[in-house]
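Have a look at the structure below before the remarks.
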2 protein chains.
Amino acid sequence: MLSSDEQLGLRERKKLRTRQAISDAAVTLFLAAGFDHVSVAEVAEAAEVSRRTLFAYFPTKEDLVLHRFADHEDEPARVVRARPDGQPPLDALHEHLLDRLAHRDANTGLSDDPEVMAFHRLLTDTPSLGARLLEYLDRGVRTLADALAGSGDDLTTRLAAVQVISVQRVLAEDNVRAITGGATADDRYPVAVAAADHAYDLLRAGLAEHLR
Amino acid sequence: MLSSDEQLGLRERKKLRTRQAISDAAVTLFLAAGFDHVSVAEVAEAAEVSRRTLFAYFPTKEDLVLHRFADHEDEPARVVRARPDGQPPLDALHEHLLDRLAHRDANTGLSDDPEVMAFHRLLTDTPSLGARLLEYLDRGVRTLADALAGSGDDLTTRLAAVQVISVQRVLAEDNVRAITGGATADDRYPVAVAAADHAYDLLRAGLAEHLR
DNA sequence: GCGAGAAGTATACCCAGTGCAGTTATCGCC
DNA sequence: GGCGATAACTGCACTGGGTATACTTCTCGC
């Protein structure tokens, strides 16, 4: 398989490299000194571009960090669309989450890779990043609701979408917390699976039985 | 009953009046010209205080608008805590929502008061306000989860909290949209009640039956 | 009415983000 | 290989949110 660069022109390849250089410089500096203690001017200097060019690639300082999530923002929607005929959407989403947990995917919070952990600490320690993360998740809700259209009436699909995304976020936060607290990903894995199963049970069968 | 000012000293009364003057000036100007086209300097001038004083009352420009929501951020938590002995938390929240709808409470989105509508338009038209609103809601999730502690295990209560808040937000957005689209609050009322009932049915009994 | 301390102000500053005008590099084509 | 078109990049100046500091003015309790 060819490297994805190969078929692009020089101009496009340079753009990709510049984008990567800016993002890398940003994350490195932010992890070292904290998001709020690094100015975009310093990031630009480290990446050897002008401040103006930096903003051509990333519309805000927060996006220097969070553009990684943009790639995953429509993942639940894709999972639902790609599910086998006849499989209920919740089953597809549940199955996919278990798969991501098994792969220790960073998005599930179940990774003890030091770089991933530092990244998560950056997110939890920086309010402006947390706020913007909520926006990304909210866009994910809308794409998921679109993908669910046809599986139920409009209101139901929108409610389902917001519940699924919210629940996945809580699960991921719990995993991050456990691992920040010293557990390894392997320690946490069975708990994370049990939590995911429980959460999807609640989504499917409701809260009534478990909340008095 | 005494007006709440009466028992306060002059200093405290002045502070309240100043705070109100700033907030009023802000909302008036924002509604007239749009959030992004009014600077905090203009708000300060209209309220006859210095820019520095404005920031002593409201930590950010967004809070000039959204401090109103801060008062309601722990409302679901209060409802749960104040519920009669033996009533399931979801029933209390459901009942309270129906009550708020019946009163055309602005927070439910079911108000066609022109000022409330303009306020909602401000929220939906201004991304930075929408983002910060999500933060307020997120704090509401945490307070609700605390209030639910004891009604179920920790994970379940946190999942329940995030689902309840998310669902209420979707319901409110739908009401706002309907009314922005030309319906009166009275037109919308039966639909809003049905939607609320349906949403709480889903929370109680799960999505499985309604999502294929 | 007096001293303590809170509220408010003026000024100067930092930094994120934008508009603009000019330079440099790549591209497609001859 | 050279040449215009055009995209990427740069420097600079500006707006506007938010903060630090040092100073003045007001309210409170005695």
Side-chain angles (χ1 to χ4, degrees), chain A residues 5-23 25-27 29-30 33-67 122 126-133 135, chain B residues 5-27 29-30 32-67 122 126-133 135:
Chain A
D5 291 13
E6 302 285 318
Q7 48 214 329
L8 295 169
L10 173 59
R11 188 178 272 173
E12 291 304 314
R13 269 180 291 144
K14 269 199 174 179
K15 272 180 74 171
L16 282 182
R17 264 195 294 125
T18 302
R19 188 183 165 84
Q20 196 61 44
I22 295 171
S23 173
V27 172
L29 290 176
F30 292 158
F35 186 78
D36 294 325
H37 295 100
V38 178
S39 71
V40 293
E42 293 172 286
V43 174
E45 192 177 8
E48 296 182 299
V49 295
S50 69
R51 237 170 96 261
R52 205 67 186 73
T53 296
L54 184 151
F55 280 115
Y57 282 90
F58 300 95
T60 71
K61 185 182 182 183
E62 284 76 20
D63 286 309
L64 289 168
V65 176
L66 293 175
H67 68 99
L122 198 56
T126 313
S128 60
L129 289 177
R132 237 182 134 77
L133 184 56
E135 289 183 75
Chain B
D5 291 13
E6 303 284 318
Q7 47 213 328
L8 296 169
L10 174 59
R11 186 179 273 174
E12 292 304 314
R13 269 181 291 144
K14 269 199 172 178
K15 273 180 72 170
L16 283 182
R17 264 195 293 124
T18 304
R19 187 183 166 84
Q20 196 60 45
I22 296 171
S23 173
D24 289 350
V27 172
L29 290 176
F30 292 158
F35 186 78
D36 294 325
H37 295 100
V38 178
S39 70
V40 293
E42 292 174 288
V43 174
E45 192 177 7
E48 296 180 298
V49 295
S50 70
R51 237 169 97 261
R52 204 66 184 73
T53 295
L54 183 151
F55 281 116
Y57 282 91
F58 300 95
T60 70
K61 184 182 182 185
E62 283 76 20
D63 288 306
L64 289 168
V65 176
L66 293 175
H67 69 99
L122 198 57
T126 314
S128 60
L129 289 177
R132 235 180 135 78
L133 184 56
E135 289 183 75

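We name chains A, B, ... by the order of the sequence lines, and we start the count at 1 in each one. Only this structure's heavy atoms are used, side chains among them; waters, hydrogens and symmetry mates stay out.
- Separating the CZ atom of B:Phe58 from the P atom of D:dG17 is a distance of 15 Å, rounded to the nearest angstrom.
- For the pair A:Phe55 CZ and D:dC12 C1', the computed distance is 15 Å after rounding to whole Å.
- Proximity of A:Leu133 to A:Glu62: side-chain heavy atoms (C-beta onward) are nowhere separated by under 4.5 Å.
- Applying the 4.0 Å criterion to OP1 and OP2 of D:dT27, one finds that B:Lys14 has a side-chain N or O inside that range.
- For B:Ser50, a side-chain nitrogen or oxygen approaches OP1 or OP2 of C:dT9 to under 4.0 Å.
- Between B:Lys15 atom NZ and D:dC26 atom P there is a gap of 17 Å when expressed in whole angstrom units.
- Between A:Tyr57 and B:Lys61, the one whose closest nucleotide on DNA chain D sits nearer the 5' end is A:Tyr57.
- The phosphate of C:dG8 has OP1 or OP2 within less than 4.0 Å of a side-chain N or O from B:Thr18.
- Side-chain N/O atoms of B:Arg52 and base N/O atoms of D:dG18 include no donor-acceptor pair closer than 3.5 Å.
- Side-chain nitrogen and oxygen atoms of A:Thr53 include at least one within less than 4.0 Å of the OP1 or OP2 phosphate oxygen of D:dT10.
- With rounding to whole Å, B:Arg51 atom CZ is found 11 Å from C:dA12 atom C1'.
- With contacts defined as side-chain heavy-atom distances shorter than 4.5 Å, the pair A:Glu135/A:Leu66 does not qualify.
- Distance alone, capped at 3.5 Å, places no donor-acceptor pair between the B:Ser23 side chain and the B:Arg19 backbone.
- To the nearest angstrom, P of C:dC15 lies 13 Å from CD of A:Glu45.
- Heavy atoms of B:Val43 sit nowhere under 4.0 angstrom from any nucleic acid atom.
- For the pair B:Glu62 and A:Glu48, both in contact range of DNA chain D, the more 5′-proximal nearest nucleotide belongs to A:Glu48.
- The interatomic distance linking B:His37 (NE2) with D:dG17 (C1') rounds to 16 Å, in whole Å.
- Annotation: side chain of A:Phe35 is in contact with side chain of A:Lys61 (closest heavy-atom distance under 4.5 Å).
- Rounded to an integer number of Å, the gap from B:Leu54 CG to D:dG18 P is 10 Å.
- In this structure, the side chains of B:Leu64 and B:Leu54 come closer than 4.5 Å at one or more pairs of heavy atoms.
- A:Arg132 has its CZ atom 12 Å from the C1' atom of C:dA16, to the nearest Å.
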